[in-house]
Structures are given as C-alpha cells and as structure tokens.
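Computed from a prediction, not measured in an experiment: that's the story for all the values here. Residue numbering restarts at 1 for every chain, and letters A, B, ... go by the order of the sequence lines.
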2 protein chains.
Amino acid sequence: MNTQKILLVDDEPDILEFIRYNLEKEGYKVFTASNGVKAIELAQKENPQLIILDVMMPDMDGIETCNEIRKIDKLKNAVIAFLTARNEDYTQIAGFDAGADDYINKPIKPKVLVSRVKALLRRINGEQDGTALTLGGIEIDREKYIVRKEGKEYNFPRKEFELVALLMSKPGKVFTREEILSRVWGDDVVVGDRTIDVHIRKLREKLGDEYIRTIKGVGYKFEF
Amino acid sequence: MNTQKILLVDDEPDILEFIRYNLEKEGYKVFTASNGVKAIELAQKENPQLIILDVMMPDMDGIETCNEIRKIDKLKNAVIAFLTARNEDYTQIAGFDAGADDYINKPIKPKVLVSRVKALLRRINGEQDGTALTLGGIEIDREKYIVRKEGKEYNFPRKEFELVALLMSKPGKVFTREEILSRVWGDDVVVGDRTIDVHIRKLREKLGDEYIRTIKGVGYKFEF
DNA sequence: TATAATAGGTAACAATTACTTAACCTCAAT
DNA sequence: ATTGAGGTTAAGTAATTGTTACCTATTATA
C-alpha cells in the first residue's frame, strides 16, 4: 500500500507541529497549511486521503474551507475531519452539513488522534468498519445498503434509504423540507410537495411511527 | 483414508441429533458438544478435521468459540463452519475475521448439509487450496479459475469469474456498477450499460438466482 | 488453414421496481 | 368555520434492470 497523505490545516503553528510529529511517527506523509487558501492549493496539488481542518481559523474558517474542498472533483473521496474545541455544538451541526466525516476534539491526545486517523483511513481502503450507524435499535449500513431492526434486515429503496440515512446522520436535528430535497433529491430536481411526505410515510410504515417526528412548519427529525 | 472426525456444537439437542444422524449415515465419526467450553475440550482431545459451530449459543457464542479454537496449535488446520439462521444479522461476517471457512444456513436440509461437509473436507485431504473461498456452498478457486457448487466443478469465463469473485470478496457489500466496471473491466474500457446485467444473468443462470441480489439504483451484492 | 466453439459485447424490447402525483382526508390553530 | 400544513391512498409515470437474440473477435479443433 502506498504511503498515505494527510493534509493538516490550523492557524496555530504549535498545534500543527504537535500533530505532524505524532502522525509522521506513524509513517504518514503529512502536509501542513496555516489557512484555508493555502490548504486548498495544497490539497489540489497533493491529493491527500485525509484532511484535518481546524474549525476556528481567521479569514476562512474550517467549514468554509471544507465546503470549497468538497467542490473539487478529485477530492470527492477524501475524508475530512474537523478539529474543534469541546462542546461547540452549533459548529458541529454546520460541519456535518459541510460533509465532515468525523470530529476530533481539542485538546488533542496523541493516542486518540492516531487511532482516529487510522480508523478514518481504513474507510477509504475498503476495509470494513465505520460504515454502520446504530441509533435507537435501528442500524443503517451504507456499504450493504441494509437497514436492520431487531436483527431483521430490510432492503430499502434508494430514496427511502437516503432519507433515513440523512435524518439519522444528525439525530435530533430538524431537517427542513428544503434541506431534505437538496440532499436526497439534489438541487436541480424539482418534485412536488407531497413527495417527501409519501417517503416519510413509507419509512414510518417500515420502522414504526416513533422514530420520525414531524415538526409542523419546519421539517422532520429522527428521534430515539 | 482414515475415518473423518467432525465436531458438532449447538445448544439445541434436537439439531445436534438431527445433524449427527445425517452425518453418521455418511460414515463420519461425529462428536457433539452443547456449549463452547465443552467444545474446546473435545476438540483438544479428538482433533477433528471439521468443526461445525452454531453462532447463537448462550455464554460463549460460536464466534468466540471459534476464536479460542484458532488459538490451539494442533487445530490450526481444522476447517470451521458456522451454523446460522437465514437473515440473521450479517454482522457475523465478523465470523470471517475469526477464521471461518463456511456458513451453513438453517433450516438445515440433509442433502445440502452432506454435500457441503464433503466439499469442506475435500479441502483438507489432498487438494491443497490456499486461494479458495467458500461462501454459502459456493467455492471459488482463484488459482484454478474454477467454481465449485455442491461437488460439481464449473469453468467460468474470465469476466464471469472475476465478477463473482469480486462480489464474493466482500459478501453483503453492494458493489456499484461503477465499481464493478472499474474492477472487472478496468477504468479505461468503455462498455455499454447492459453488459453488467448480462453477465450477472449468466452467473445467476449457473449458480441459481438466490446468490446475487440487485439493489436497484445502487448495484449488486452477493448474499447467502 | 478452415471450421467450430467460446467469450464478450450490443441492441431492442419486456418486465419490474421505484418514484411521483393527484385527489382527498385529518387535524390543529386562528 | 376557515385555512394551511401535513397524512394517506391509489394509480400513473419514469427509471432501472432483465432477457433474448445476434454479432464480432478470439481461441480451440479438425
């Protein structure tokens, strides 16, 4: 296997060097950038498998940088992790929307960092793990495209699967109809108003009514 | 040839006796154990060529038992098969990590059981494999480019072989059309839309419809 | 070398499944 | 009571996949 490339983005040199040290010790090839613009340049050039972004940065913050990176085609498959201070709840929500794959909390502990990085990189190299998400007895497995409930497996049609996966990706968060349309159907597709309802209904039929809650006038959320 | 020893482990006496009856009829020497601890003891003493483990057992489940057995040096070459209920959480593919060689689905049909056991034992006696992979009664041999099903051998054309080998390499995982094209045909080859379908059809014709499942809008996967 | 057999691919159409819509219903807030 | 948001159902529509027959290239066989 090729040496893995990691791009590290933070405005604090100390943190940059601290993380670099710990990752290079593990044999990774580490690139660093001190701001979003440089990060994007480097990412274009080096095509890293994993990008670690500090959320809090001057000028262009991590989320914005993430959004820009996600627009670059050849980086579509890169794994992006955010560095955040503990308990930055709002940030996290925005971060998942931006397509983050994981969060790493500061202060950083070397061991945690390394094992997390390994787990994230394993995802790319096909190896089993991390693909399943379990919440309130319901498990969705992206890789196998299966939903499990109480040991039984169900094959959901594509839209239903994407919909439940979206809602579960951020349990408790209310997804507006707009958001749902944009992320499950795509921005250019135009569908009628009742389409979402019908899909929600099908999900409730299969999972039970207790998981998906309607927030009238706002949207839907997953609860457990 | 020496009489072959088979160790059977299940907590349900009925199943134990049912299988024992069918295997003894074929001339095998069958030992039974009702739990993992006894199984390990017996395995140590009798050194069976084949061990059939029920996955679901109280206290020490099949996978755990398997892990313990694999630690015993003289049992390194034993073939281990799991008994599983159909549609049971495929999580057990974790069983492969534990070093399982095959899965046998419940409910058990005598004929299927016997031919399966024969196929597994054939591996030990004489025919050295190393590159063979057996799943749900289908065995693919990368070296000889041969597919075996219930004792019969089939010569698959290259593409068909590569396709089934790919799907079986990660049972349960959905391979997108894109992935399949890239890995069986290569990234630069351009083939029409229906090409994959036709090959899938040929495989289903030869193996039976129950192995390859279509996930509409996503891809195909191997199931057993 | 001619001929046959096999493998791989394509096109046309059938079948299936998923998705969307329309029409109508319910419920709660004003 | 009226309105508006969402729920429900059945049926229509679109998209994806299955199937068959046929063509071409390659490899085996006489």
Point to revise | Nucleotides bounding contact with chain A, strand DNA chain D, heavy-atom threshold 4.0 Å | key: D:dG4 to D:dT9
Exercise for review: Name all pairs fulfilling the ring-ring contact (aromatic ring centres under 6.0 Å, His included) condition that reach into residues 165-197 of chain B, sequence neighbours left out, sorted by first residue then second.
Suggested key: B:Trp185-B:His199
Practice item. Answer with base, sugar-phosphate or nothing: what part of the nucleic acid does B:Phe161 contact at a heavy-atom distance below 4.0 Å? Key: nothing
Review point. Strictly by modelled atom types, are A:Arg70 and A:Thr65 linked by a side-chain donor-acceptor pair under 3.5 Å?
Key: no
Closest contact, heavy atoms only, [X] versus [Y]:
{"X": "A:Asn47", "Y": "A:Lys5", "result": "O-CD, 4.5 Å"}
{"X": "A:Val174", "Y": "A:Glu179", "result": "O-OE1, 3.9 Å"}
{"X": "A:Phe222", "Y": "A:Leu167", "result": "CB-O, 3.6 Å"}
{"X": "A:Leu83", "Y": "A:Asp54", "result": "O-OD1, 3.2 Å"}

Exercise for review: Scan for salt bridge (Lys or Arg N to Asp or Glu O under 4.0 Å) pairs involving residues 189-202 of chain B, sequence neighbours excluded, and state none if there are none.
Suggested key: B:Arg177-B:Asp197, B:Arg194-B:Asp197, B:Arg201-B:Glu205
Exercise for review: Mind calculating the distance between CG (B:Asp197) and P (C:dA15) to the nearest angstrom?
Suggested key: 16 Å
Exercise for review: Write down the distance between CZ (B:Arg201) and P (C:dC13), rounded to a whole number of angstrom.
Suggested key: 18 Å
Which donor-acceptor pairs under 3.5 Å do the side chains of residues 157-164 of chain B make with protein atoms, sequence neighbours left out?
from	atom 1	to	atom 2	distance (Å)
B:Glu160	OE1	B:Lys206	NZ	2.7
B:Glu162	OE2	B:Tyr145	OH	2.4

Practice item. Flag the pair A:Val147 / A:Leu207 as yes when at least one side-chain heavy-atom distance between them is below 4.5 Å, and no otherwise. Key: yes
Revision key, fill the gap. Heavy-atom contacts, protein to nucleotides 24-30 of chain C, under 4.0 Å, summarised as B (base), S (sugar-phosphate only) or - (none) per nt, yield -------
Check your understanding: Is a side-chain donor or acceptor of B:Gln49 paired with a backbone partner of B:Ala78 at a separation under 3.5 angstrom?
Key -> no
Name the pairs: protein N/O against N/O of nucleotides 6-9 of chain C, kept only if under 3.5 Å.
from	atom 1	to	atom 2	distance (Å)
C:dG8	OP1	B:Lys159	N	3.1
C:dG9	OP1	B:Trp185	NE1	2.9
C:dG9	OP2	B:Trp185	NE1	2.8
C:dG9	OP2	B:His199	NE2	3.4

**Study point:** 5' priority, DNA chain D, between A:Asp209 and B:Gly217 [closest heavy atom]
**Key:** A:Asp209
